[in-house]
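Some notes on the structure that comes next.
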4 protein chains.
Amino acid sequence: MHAVPSEPLTVPSGAALDTLLGRYEMIRRLTAALAEPLSAEDCVVQSMPDASPAKWHLAHTAWFFEQFVLTPHVAGYRVFDPQFAYLFNSYYESVGPRHARPHRGLLTRPSQAQVLMFRDHVDDAMCRALARGLPPEVGAVVELGLHHEQQHQELLLMDVKHLLSCNPLRPAYIDKESLSRGPRSQAPLPAQFQAYPAGIYEIGHDGAGFCFDNEGPRHRVYLESFALADRLVTNAEYLEFIRDRGYARPELWLSDGWATVQQQGWNRPLYWNESLEEEFSLTGPCTLDPCAPVCHVSYYEADAFARWAGARLPAETEWEVAAQPQAVDGNFLEDGLLHPVDARTAELFPWENGHQQRTQMFGDVWEWTSSPYSPYPGFRPLAGGLGEYNGKFMANQFVLRGGACVTPRSHMRGTYRNFFYPHMRWQFGGIRLAKGTRT
Amino acid sequence: MHAVPSEPLTVPSGAALDTLLGRYEMIRRLTAALAEPLSAEDCVVQSMPDASPAKWHLAHTAWFFEQFVLTPHVAGYRVFDPQFAYLFNSYYESVGPRHARPHRGLLTRPSQAQVLMFRDHVDDAMCRALARGLPPEVGAVVELGLHHEQQHQELLLMDVKHLLSCNPLRPAYIDKESLSRGPRSQAPLPAQFQAYPAGIYEIGHDGAGFCFDNEGPRHRVYLESFALADRLVTNAEYLEFIRDRGYARPELWLSDGWATVQQQGWNRPLYWNESLEEEFSLTGPCTLDPCAPVCHVSYYEADAFARWAGARLPAETEWEVAAQPQAVDGNFLEDGLLHPVDARTAELFPWENGHQQRTQMFGDVWEWTSSPYSPYPGFRPLAGGLGEYNGKFMANQFVLRGGACVTPRSHMRGTYRNFFYPHMRWQFGGIRLAKGTRT
Amino acid sequence: MHAVPSEPLTVPSGAALDTLLGRYEMIRRLTAALAEPLSAEDCVVQSMPDASPAKWHLAHTAWFFEQFVLTPHVAGYRVFDPQFAYLFNSYYESVGPRHARPHRGLLTRPSQAQVLMFRDHVDDAMCRALARGLPPEVGAVVELGLHHEQQHQELLLMDVKHLLSCNPLRPAYIDKESLSRGPRSQAPLPAQFQAYPAGIYEIGHDGAGFCFDNEGPRHRVYLESFALADRLVTNAEYLEFIRDRGYARPELWLSDGWATVQQQGWNRPLYWNESLEEEFSLTGPCTLDPCAPVCHVSYYEADAFARWAGARLPAETEWEVAAQPQAVDGNFLEDGLLHPVDARTAELFPWENGHQQRTQMFGDVWEWTSSPYSPYPGFRPLAGGLGEYNGKFMANQFVLRGGACVTPRSHMRGTYRNFFYPHMRWQFGGIRLAKGTRT
Amino acid sequence: MHAVPSEPLTVPSGAALDTLLGRYEMIRRLTAALAEPLSAEDCVVQSMPDASPAKWHLAHTAWFFEQFVLTPHVAGYRVFDPQFAYLFNSYYESVGPRHARPHRGLLTRPSQAQVLMFRDHVDDAMCRALARGLPPEVGAVVELGLHHEQQHQELLLMDVKHLLSCNPLRPAYIDKESLSRGPRSQAPLPAQFQAYPAGIYEIGHDGAGFCFDNEGPRHRVYLESFALADRLVTNAEYLEFIRDRGYARPELWLSDGWATVQQQGWNRPLYWNESLEEEFSLTGPCTLDPCAPVCHVSYYEADAFARWAGARLPAETEWEVAAQPQAVDGNFLEDGLLHPVDARTAELFPWENGHQQRTQMFGDVWEWTSSPYSPYPGFRPLAGGLGEYNGKFMANQFVLRGGACVTPRSHMRGTYRNFFYPHMRWQFGGIRLAKGTRT
């Protein structure tokens with residue numbers, strides 16, 4: 001049986017999740033809880049330019065509410081520290097100058113304690129404002145801020161994992177012996193390809209309930225017939241690719257991917273050790289589970305694996321069509337594993353009883369799609385500073401779908417579009433195979 | 001009146017263009033003719049890693065026929081020099097090791113004269129083989145080789161332009177005083193947006209006649225309604241963007257584009273001088289023609305301009321739908337101008353008589369589309385080494401359509417997909433605006 | 001009057017400084033005291049590749065005693081943590097592999113608390129061993145370790161100053177309002193050049209008492225006649241150089257220096273602000289004192305200034321000859337100012353009573369010499385791992401002499417040779433002018 | 001017997017070498033002769049940032065006479081092309097802006113033919129001026145220009161060797177089968193160390209006859225006793241160092257040297273092939289001669305070899321003292337070998353008859369000294385633009401002495417100071433060992 005998740009990762013309870021205030025309290029509390037296993041030292045360091053210190057995540061997410069809700073919309077709000085706007089703005093060019101991203105790790109001041117006070121200060125004002133009630137258009141910004149916060153919950157875990165992996169002591173973020181999944185994991189059944197006929201489909205968010213601007217508008221697409229594997233690619237399958245000299249055969253790779261393999265000396269997923277028997281996880285070094293989904297591969301690796309396997313990656317439209325009938329459930333942050341698990345752990349995920357194994361469409365690992373991240377037809381960014389949220393990243397990145405074991409469950413949707421550069425590996429990215437059925 | 005093109009650029013005549021042999025002779029002769037205005041010194045130097053020396057283009061295109069036609073398919077063929085395979089392979093990993101691209105400019109040997117002898121040697125064997133007749137599947141490789149050669153004709157001109165632009169003497173590739181188009185160019189009429197209804201369209205090549213593998217298979221797409229401008233964006237319009245501080249406003253740019261602008265210090269198209277009154281062309285420095293299409297802009301600049309103009313770039317599907325009824329004609333290499341011209345030069349391009357101005361869909365400048373370069377549904381690369389021709393570049397690049405004033409006319413098709421990285425500017429790339437019509 | 005230095009910087013007292021044990025206790029305590037104004041967050045971050053985190057300095061200096069004294073020479077010593085040898089070795093290739101220098105800032109574990117425990121563990125064992133007595137050759141290693149520790153005391157302050165200067169909040173290391181020296185500082189008298197005749201001189205350490213291997217052997221040199229300024233170059237004088245376009249005139253610069261100025265965009269000393277009216281110090285931003293010595297200039301700047309002033313930098317031999325009769329005293333770490341001060345602060349430094357102003361030969365700022373750092377004739381490095389201490393750096397660096405306001409007084413000698421690369425500026429480096437007297 | 005050198009390298013004869021005009025004619029003719037085996041293509045390409053194209057050398061040396069002699073001092077001189085001053089200035093900041101060094105290889109125009117015409121134009125004016133007679137101070141500039149030209153003769157050969165070595169065809173600069181020295185070379189006798197007593201010596205140029213400004217003033221130095229090997233280190237000896245894992249033992253290396261070895265992957269001298277049996281020379285690939293001096297090693301390698309051998313490199317003062325009684329003769333450019341040869345080729349170099357082998361102090365290879373390149377006491381650069389000739393390079397470089405097989409004999413002096421950065425290897429640099437004799 002899988003371990004009961006340790007306390008810091010338990011969903012803070014008691015909040016009325018059907019109110020914005022309730023959700024605000026729960027989500028904000030979870031962020032702080034994620035930082036609890038870390039020392040102030042752990043929270044200040046930036047291990048690479050793409051990552052941010054945990055302290056920065058804690059402060060930036062509070063800054064978001066101060067900048068976009070409290071200052072413009074709550075009369076009498078007192079800014080906690082005027083310098084924080086400069087320090088903790090992320091990329092909103094229109095909001096003003098900001099501290100350069102690669103230097104976030106130099107901010108030993110303000111201290112972790114001051115940042116937590118900043119959070120309390122913001123929370124206090126926010127909770128009072130939410131209790132009093134806010135106009136709907138401001139409530140919408142709060143909702144956006146909460147989804148923003150959830151994104152940073154995942155980023156915080158990604159960044160902490162990277163930081164700890166750089167330490168020769170190989171320390172664990174959380175130390176759970178009971179999480180040793182090796183012996184109990186079960187080899188999944190061979191993947192089946194589920195077919196879908198050609199035709200016009202509708203994808204994208206219809207605007208009922210929250211979504212990011214990049215998920216809409218809902219629109220029609222014509223798809224040729226296609227088929228999707230009914231589970232993720234496993235570590236065992238990926239090992240076959242490695243052993244078949246997958247990293248040494250240029251014909252399997254995109255040109256840019258091959259150049260990256262050469263320059264970086266890649267020969268295995270990020271966090272695997274040289275013996276290919278162990279990987280680094282948020283619980284420290286652990287035995288590589290052959291049945292678990294492969295994780296921390298780049299787009300280039302996912303694409304090369306698919307080519308080697310005689311298949312391809314799904315388009316994001318195909319993925320979304322397949323996901324539409326499925327419940328948004330799976331191995332998410334709230335389950336406390338913080339690591340992908342095999343498709344047959346039915347006892348842990350009873351909602352899938354009746355099936356022989358989980359499809360793993362949601363949770364476990366983000367699934368690379370073959371789709372460059374582009375605007376949908378008719379896409380309009382939000383007005384003002386928040387318009388920089390998504391649209392300006394629509395070049396050179398690829399879409400991933402479905403969420404991962406470090407994604408909050410309540411953050412996920414079937415229309416959700418995540419995106420990373422094709423060489424990036426520190427996000428929890430894995431592989432689902434697709435095929436065309438037409439010949 | 002526009003000048004009669006100088007001799008080197010006249011289409012070599014006398015060949016029977018309806019035979020493969022005839023086309024072979026004509027195209028091969030044109031390549032050599034393009035190098036004639038250049039000294040051996042001009043032909044050996046590589047001005048940047050993305051460019052190649054003219055000599056390399058001359059040799060590589062001969063190598064293609066030796067490697068893929070003569071050696072495997074023509075009995076008794078004697079390889080000209082076994083070392084050339086290493087020197088002049090471009091990127092075919094499966095064909096063997098090769099000279100690193102950024103070092104192409106170090107090859108002072110073999111000499112220009114030897115490379116021309118290599119071409120003669122290959123031409124001699126090819127012409128005899130073509131006269132005797134080749135099996136259809138080999139003929140198809142020859143056809144591919146000719147289209148490959150035409151691509152390198154354009155690359156040769158792009159690379160020569162870049163090389164000469166780096167020289168403080170600002171020398172001309174061809175010196176034609178009569179080409180001064182300034183006084184006679186006419187301001188185009190205001191751009192009209194031509195609307196297309198939503199619906200299912202077919203795009204892609206149907207396989208009748210030659211095409212590259214990436215142009216097919218022909219397939220259905222669903223498009224929302226859209227509209228396309230009936231001419232290209234002009235230098236005058238782009239100047240307005242510059243004067244409106246277009247290069248200084250981050251909100252107009254993609255995030256990666258803004259970073260590039262900052263790093264590179266871009267504030268105008270490539271080849272424009274600081275005064276914004278002159279540009280460098282293949283005929284040397286010339287006055288900037290406000291009526292001519294803007295050229296040598298990156299994808300980032302095209303995208304930012306479109307946003308500033310309240311429009312967007314067309315998707316490649318939209319472009320192709322609009323191009324389908326049009327004749328593949330315009331200001332091409334064979335016209336000898338080697339520079340884009342305004343939309344109203346009716347006397348030069350009489351095929352458009354009856355219209356008030358040319359649509360410029362074909363020729364003049366390649367048109368950036370908003371479409372990342374991806375495989376069509378059901379795409380299959382060619383088998384063997386030639387399979388590396390297109391597919392492996394399908395990441396991180398954007399599609400351009402329509403050909404330019406340095407593209408051979410007979411090389412162009414409505415389904416033709418060119419592609420460059422979004423930061424690249426030395427190709428002849430320009431802008432056509434699009435809009436959605438749905439609101 | 002200058003302020004009483006704040007407590008952390010008071011020399012820990014009560015130790016019998018005439019015993020090795022007494023010196024050990026005092027020096028080790030001072031290192032810990034220097035870290036006291038810092039949070040654990042301040043101590044973990046590395047602000048640039050040349051710098052190290054304060055925690056690393058704390059641990060590395062303890063590792064030195066464990067590695068070179070306790071483990072090989074003290075029976076029964078239990079290594080605190082075997083992994084620390086890898087983490088905290090600096091550059092001793094012969095001692096084993098080590099954590100890469102630019103990644104020192106990733107070591108959030110071991111924690112600051114654990115490192116302080118490591119120090120206590122080592123101190124406990126060392127003090128017991130020293131109390132029991134150690135053979136002379138081991139005592140010599142302890143002596144070396146203490147001088148090593150003092151070097152890291154200065155490095156710690158240099159590195160902390162750099163780290164804090166990177167923070168937009170501009171925090172102070174120690175906050176002493178009473179240190180405002182501006183109003184009380186006095187303009188020094190014009191510099192006089194003190195002449196020395198040509199002849200044979202002896203320089204280098206004679207081996208009586210401690211010295212580093214690079215200070216010997218004592219040897220004869222022939223010097224042409226020369227003259228040395230009787231005080232340091234001031235901020236006011238350096239401002240004249242700046243205002244005379246010193247940073248814009250290539251003829252004043254060494255070729256490599258000019259290239260550095262261009263690449264780095266230098267136009268003033270490190271830590272000066274753009275207005276040239278303020279500098280960053282260990283007590284935070286402060287008004288630039290025109291009477292204080294210029295500090296944080298590179299060799300290139302010192303050399304260009306000297307050329308502009310019609311003088312040159314002294315050779316290290318010249319400097320040492322001039323220093324031989326002088327007492328090793330001045331504005332040192334123990335004085336607690338942590339900042340250079342003008343030459344006329346007689347009340348603070350009464351030992352120079354009788355002179356009109358201090359020569360500043362010792363303390364305040366390290367003085368760049370024109371001497372590349374090379375071995376003396378007959379130089380022999382120490383045997384074993386400690387032989388890597390000095391000799392292997394004898395290329396591409398320049399010698400600085402005399403110590404600075406962050407150097408412990410008891411660490412300094414007239415024969416002491418410090419060395420940095422000519423582009424480096426974060427050490428407390430300043431300028432004394434020299435001239436030849438021969439014409 | 002060694003081959004008669006091929007014609008291009010024969011010293012042009014018929015000139016009266018005792019007149020400035022005669023020397024001018026001879027030296028200028030030799031430069032052109034050195035370019036004769038090269039095609040225009042060979043002459044235009046720059047193979048690395050440190051090298052220059054041969055055409056650039058041809059033009060720059062002519063520019064020197066135009067800039068510093070003809071334009072200021074010869075009435076009625078007509079500048080050949082005003083743009084050439086910009087193109088062919090090397091580093092004289094005071095003379096005006098100039099074409100960036102790394103872009104010298106982009107100058108396909110002016111053509112090789114035009115550059116040769118430029119040389120003729122300058123020569124014509126110079127010869128007429130010299131025949132008429134020039135004031136002594138102008139004659140001194142001409143003399144400097146001729147020594148400058150001789151430096152570029154050597155640079156031209158160094159740069160050509162590098163360029164040809166980058167070509168996979170491995171072409172020869174001159175093709176002389178008769179030069180195969182392998183079978184006839186003789187193993188030198190074991191090196192003897194010649195001792196010199198401690199004392200005051202005089203070094204530096206006394207000003208009688210031509211010298212560069214950096215060779216003076218002549219001055220006294222005190223040297224400890226020392227000893228110098230009576231021949232150069234051979235390839236065979238260097239091979240022993242390699243086989244003893246010299247490139248894998250950090251304790252043998254300076255810290256910067258070790259970093260360079262790691263970064264560059266060095267494991268043998270430049271131009272040696274992987275088998276350690278062959279090297280690339282100006283006559284193409286040739287068998288490594290174990291008896292010949294090792295060549296094309298960096299300072300770091302020379303220093304590491306010396307440490308491995310239990311010796312050290314000589315100081316430049318020591319070298320000069322030892323060289324003072326010796327004739328300035330040896331294997332120089334005029335001998336036409338263009339490659340270092342063993343110490344016992346007495347028949348070729350009869351001036352050393354009576355000795356068992358040559359000391360190789362002059363010619364063959366430049367000898368790395370342990371001396372950083374610094375000004376002598378009392379050094380004064382030339383006034384005006386020519387003052388940039390030497391002084392501004394006095395940082396970060398090391399002195400080499402004695403000239404090489406590509407140095408013109410008439411260019412060499414015992415006081416001559418050459419200098420390169422310690423990582424550079426494309427100059428013909430080798431090793432002579434030294435020892436202290438004091439213990």
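Every chain is numbered from 1 and lettered A, B, ... according to where its sequence line falls, protein lines coming before strand lines. Predicted, not measured: the structure shown is a model, and the values here were computed from it.
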TODO: Find the one option among D/S47, D/P168, D/P171 whose heavy-atom pairs under 4.5 Å with chain B are most numerous.
DONE: D/P168
TODO: Among the options D/K55, D/Q112, D/R109, D/Q83, pick out the one with the most heavy-atom pairs lying under 4.5 Å from chain B.
DONE: D/R109
TODO: Heavy-atom pairs under 4.5 Å with chain D are the metric here; pick the option from B/L87, B/L163, B/L106 that has the most.
DONE: B/L106
Open item on the list: For D/E66 and D/T71, which I'm curious about, is there any donor-acceptor pair between the side chains at under 3.5 Å?
Closed with: no
Open item on the list: Can you list everything that forms a ring-ring contact (aromatic ring centres under 6.0 Å, His included) with B/Y77? Sequence neighbours excluded, please.
Closed with: B/H121
Task: Exercise: do D/Q263 and D/T260 side chains pair donor with acceptor under 3.5 Å - done: no
Open item on the list: My understanding is that only one of D/V406, D/V160, D/L333 makes a side chain to side chain contact (heavy atoms under 4.5 Å, CB included) with D/L34; could you say which?
Closed with: D/L333
TODO: Under 4.5 Å heavy-atom distance to chain B, tell me which part of D/Q46 shows up: side chain, backbone, both or neither.
DONE: backbone
Open item on the list: I'd like to verify something: which residue of D/C166, D/S111, D/P110 has the highest number of heavy-atom pairs under 4.5 Å with chain B?
Closed with: D/S111
Task: Pairing residues for B/E279 by the side chain to side chain donor-acceptor pair (under 3.5 Å) criterion, not counting sequence neighbours - done: B/H339
TODO: Considering only heavy atoms and a distance below 4.5 Å, find which of B/D42, B/L169, B/L164, B/D81 pairs most often with chain D.
DONE: B/D42
Open item on the list: At a 4.5 Å cut-off on heavy atoms, which part of D/L107 comes close to chain B: side chain, backbone, both, or neither?
Closed with: both
Open item on the list: Is it the case that the ring center of B/H162 lies less than 6.0 angstrom away from the ring center of B/H296?
Closed with: no
